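Take a look at the structure below.
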Amino acid sequence: MEQRIGSSSQPLEGAGFDPAYIPGLTSPVSGEAESAPEKAEVTAEEAVEEPAEESTEEATGERTEEPVEDDAPDGPVFEASDRRARVVADHQGVRLSLDDQACEFRWDEIGAIETETPRFGKRYTLTVHTPERRWYPIEIEAASRSEFAEWDQQLDAVMDKYFEDGAPEPADEESEETP
């Protein structure tokens with residue numbers, strides 16, 4: 001009968017071993033070494049395929065134009081900024097940036113958007129709430145308090161156009177009822 005020398009327990013992973021470990025956000029250190037060779041193989045395959053595509057374009061003399069995504073459709077846009085912070089809400093979603101940090105939310109990732117204006121002062125607070133019960137506030141300093149009303153109107157126009165709160169639209173219900 002064979003016996004192993006040493007412990008039969010598995011090495012610790014997670015919060016007991018790494019205090020910075022957060023389930024779902026970061027992977028254990030042991031998983032990174034395994035995934036690195038796979039990424040190298042994929043990039044090598046892509047490098048082999050790219051020259052082949054270019055050579056077919058050169059041989060046939062024809063180029064297929066890829067559809068260019070229009071970055072600025074004819075929809076409303078909300079944009080507010082100060083010396084440190086910036087908020088942009090458009091057809092792609094909401095982008096928040098503060099100094100060198102930035103985050104972006106697509107419209108399907110947003111549960112609600114809340115605005116707050118103080119009784120005194122000129123700081124406009126916009127908070128993005130996600131369905132996972134997380135929130136991301138940002139404060140923008142306005143030149144004057146009169147900008148608050150203008151910003152609220154612009155944000156309402158963007159939200160009316162792009163934000164879906166999960167309720168079916170009345171036009172869709174009528175078209176389903178009518179044969």
Side-chain angles (χ1 to χ4, degrees), residues 13-15 18 20-29 31-32 34-36 38-43 45-47 49-50 53 63-118 122-143 147-177:
E13 291 183 356
D18 182 10
Y21 176 75
I22 300 173
L25 292 180
T26 59
S27 62
V29 176
E32 292 177 10
E34 296 173 4
S35 64
E38 294 174 5
K39 291 180 182 177
E41 291 174 10
V42 172
T43 56
E45 290 174 5
E46 291 174 356
E49 291 177 8
E50 289 177 12
E53 292 174 4
R63 287 192 164 182
T64 56
E65 293 185 18
E66 297 178 11
V68 178
E69 185 178 325
D70 188 14
D71 290 339
D74 295 335
V77 175
F78 167 70
E79 189 169 347
S81 62
D82 65 3
R83 60 186 171 83
R84 295 184 60 204
R86 180 176 180 178
V87 176
V88 177
D90 58 8
H91 69 285
Q92 295 175 345
V94 178
R95 290 178 296 285
L96 309 175
S97 61
L98 179 65
D99 295 332
D100 62 344
Q101 302 294 317
C103 60
E104 183 172 343
F105 302 94
R106 295 185 320 266
W107 286 110
D108 60 343
E109 297 175 328
I110 297 173
I113 294 180
E114 176 185 14
T115 60
E116 183 180 348
T117 56
K122 297 185 283 184
R123 290 192 182 261
Y124 183 80
T125 304
L126 186 134
T127 306
V128 176
H129 295 270
T130 62
E132 294 87 30
R133 295 187 180 186
R134 294 188 182 266
W135 62 92
Y136 302 88
I138 190 164
E139 289 185 342
I140 301 171
E141 190 169 340
E147 284 184 309
F148 293 162
E150 180 183 330
W151 286 349
D152 279 336
Q153 289 176 352
Q154 290 176 358
L155 184 61
D156 285 343
V158 171
M159 298 269 301
D160 289 342
K161 176 76 174 176
Y162 302 114
F163 184 69
E164 297 176 8
D165 56 0
E169 296 179 10
D172 292 341
E173 292 178 5
E174 292 175 6
S175 62
E176 291 175 5
E177 294 174 6

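Along the sequence shown, residues are numbered consecutively beginning with 1. Note that the structure is predicted; figures quoted are calculated from it, not measured.
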How many angstroms lie between [atom1] in [X] and [atom2] in [Y], if you round to the nearest 0.5 Å?
X	Y	atom1	atom2	answer
Gln92	Phe105	CD	CZ	14.5 Å
Phe78	Glu150	CZ	CD	9.5 Å
Thr127	Tyr136	OG1	OH	12.0 Å

Residue list, side-chain contact (heavy atoms from CB on, under 4.5 Å) with [X], at least two apart or on another chain:
X	answer
Arg84	Asp82, Leu98, Asp99
Arg106	Asp108, Glu109
Ser81	Arg86
Thr115	Tyr124, Leu126, Asp152, Leu155

- salt bridge (Lys or Arg N to Asp or Glu O under 4.0 Å) against Arg95, all qualifying residues, sequence neighbours excluded: Asp90

- Of all residues at least two apart in sequence or in a different chain, which pass the salt bridge (Lys or Arg N to Asp or Glu O under 4.0 Å) check with Glu147? none

- When Ile138, Leu96, Val128 are each screened for side chain to side chain contact (heavy atoms under 4.5 Å, CB included) with Cys103, the one that passes is Leu96

If you look at every heavy atom in [X] and [Y], which pair is closest and at what distance?
X	Y	result
Tyr162	Pro76	CE1-O, 3.6 Å
Gly111	Phe163	O-CZ, 3.4 Å
Ile140	Ala80	CD1-O, 3.7 Å

- Message: Under the criterion side chain to side chain contact (heavy atoms under 4.5 Å, CB included), I'd like the reasoning laid out for Val158 against Trp107: C-alpha separation, chi angles, the key distance, then a yes or no.
- Response: CA-CA 11 Å; Val158 171; Trp107 286 110; 3.7 Å; yes

- What residues, two or more places apart in sequence or in another chain, satisfy side-chain hydrogen bond (donor to acceptor under 3.5 Å, both in side chains) together with Glu114? His129

